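Along the sequence shown, the residues carry numbers beginning at 1. Note that this is a predicted model, so its numbers are computed, not measured.
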Amino acid sequence: LLAAAFALAVPQGARAQPVSEASGPDTYLLFHLGALVPQGDLSSLPTGTTFGGLFGARFNQVLSFEAGVALDHARSDGAVRTRLLDIPISVSVAARLWMKQGELAVYAGPDLHMATLSVDTDSGLGESTRTDTFFGGHVGVRAGLNVWPTTLVGLDVRTSFAQARFGGSTRVDDTRIALTLGYRF
């Protein structure tokens with residue numbers, strides 16, 4: 001009888017907290033797969049592909065810190081074949097709004113890019129390949145829906161700004177539109 005009285009006295013929220021709320025896990029993994037839209041000086045390249053992942057840690061209920069890596073690839077065929085391969089390593093600060101059904105986040109931070117630009121023509125001169133490592137920045141927005149208490153599926157839109165030295169100053173800006181799969185633990 002005493003246990004039943006105590007159980008009724010304890011507020012409902014103190015008995016069990018769903019994992020998907022802000023009081024849940026402090027760390028998470030997020031993987032993305034999607035389209036890369038080159039902009040800047042390489043805007044003539046067609047839409048490419050991107051995939052990668054990140055590790056995040058929640059600092060408090062609103063702010064998270066994230067570190068990620070991706071593999072971005074775009075190429076054009078024809079008389080002049082151009083290929084861009086970029087590996088951005090990023091660090092972000094994310095402002096997150098957690099809801100029982102999912103989350104919404106906006107984020108920004110710096111990137112370290114390791115990129116290769118290859119150009120090959122039909123003129124018989126061979127392929128010209130330039131490699132550079134450079135810094136840039138990014139901003140983005142991400143939304144995710146809970147499909148399980150610890151798993152989210154969503155959409156990520158991110159724009160990166162960077163300038164490489166492929167034999168001259170080259171703007172290597174892009175927009176990434178990707179599906180995401182997140183796991184909180």
salt_bridge(Asp156, Arg158) N-O dist < 4.0 Å: no
Distance, nearest 0.5 Å, that separates CZ of Phe185 from OG1 of Thr27: 4.0 Å
pair Thr159-Asp173: side-chain heavy atoms closer than 4.5 Å: no
Any Leu84 side-chain heavy atom under 4.5 Å of Leu42 side chain: yes
Tyr107 OH to Arg142 CZ distance, which is reported to the nearest 0.5 Å: 5.5 Å
Check against side chain to side chain contact (heavy atoms under 4.5 Å, CB included), Leu85 and Leu71: CA-CA 7 Å; Leu85 180 64; Leu71 179 62; 3.4 Å; yes
His138 side chain near Phe161 side chain, heavy-atom distance below 4.5 Å: no
Where Ala57 and Tyr28 come nearest, the two heavy atoms and their spacing: N-CE2, 4.0 Å
Minimal non-hydrogen separation, Ala94 against Glu66, with atom names: CB-OE2, 3.8 Å
Where Ala108 and Val139 come nearest, the two heavy atoms and their spacing: CB-CG1, 3.9 Å
Within-4.5 Å side-chain heavy-atom neighbours: Asn146 and Thr151: no
ILVMFWY cluster, Leu36 and Val157 together (side-chain gap under 4.5 Å): no
Closest contact, heavy atoms only, His73 versus Arg75: CE1-CD, 3.6 Å
Leu112 side chain near Phe135 side chain, heavy-atom distance below 4.5 Å: yes
Aromatic contact, Phe65 with Phe59 (centres under 6.0 Å): yes
Flag side-chain contact, heavy atom, 4.5 Å: Leu145 against Leu152: no
By salt bridge (Lys or Arg N to Asp or Glu O under 4.0 Å) - contacts of Asp132 (at least two apart): Arg165
ILVMFWY network linking Tyr183 to Leu30, side-chain heavy atoms under 4.5 angstrom: no
Minimum heavy-atom distance between His113 and Gly136, given as atom pair plus value: CD2-N, 4.1 Å
Aromatic Trp148 / basic Arg184 pairing, under 6.0 angstrom, 45° off normal: no
Validation: residues 45-54 side-chain donor-acceptor distances under 3.5 Å, sequence neighbours left out:
unit_1 : atom_1 : unit_2 : atom_2 : d
Thr50  : OG1    : His32  : NE2    : 3.1
Thr50  : OG1    : Asp72  : OD1    : 2.5

Heavy-atom donor-acceptor pair, Asp174 side chain to Pro38 backbone, under 3.5 Å: no
Note, Thr180 side chain near Leu155 side chain (heavy atom, < 4.5 Å): no
Contacts of Arg81 that satisfy side chain to side chain donor-acceptor pair (under 3.5 Å) - sequence neighbours left out: Asp120, Asp122
Side chain to side chain contact (heavy atoms under 4.5 Å, CB included) between Val153 and Leu179, worked out: CA-CA 7 Å; Val153 173; Leu179 296 175; over 6 Å; no
Shortest non-hydrogen contact between Asp86 and Ala115, atoms and distance: OD1-CB, 3.8 Å
Note, Val93 side chain near Leu63 side chain (heavy atom, < 4.5 Å): yes
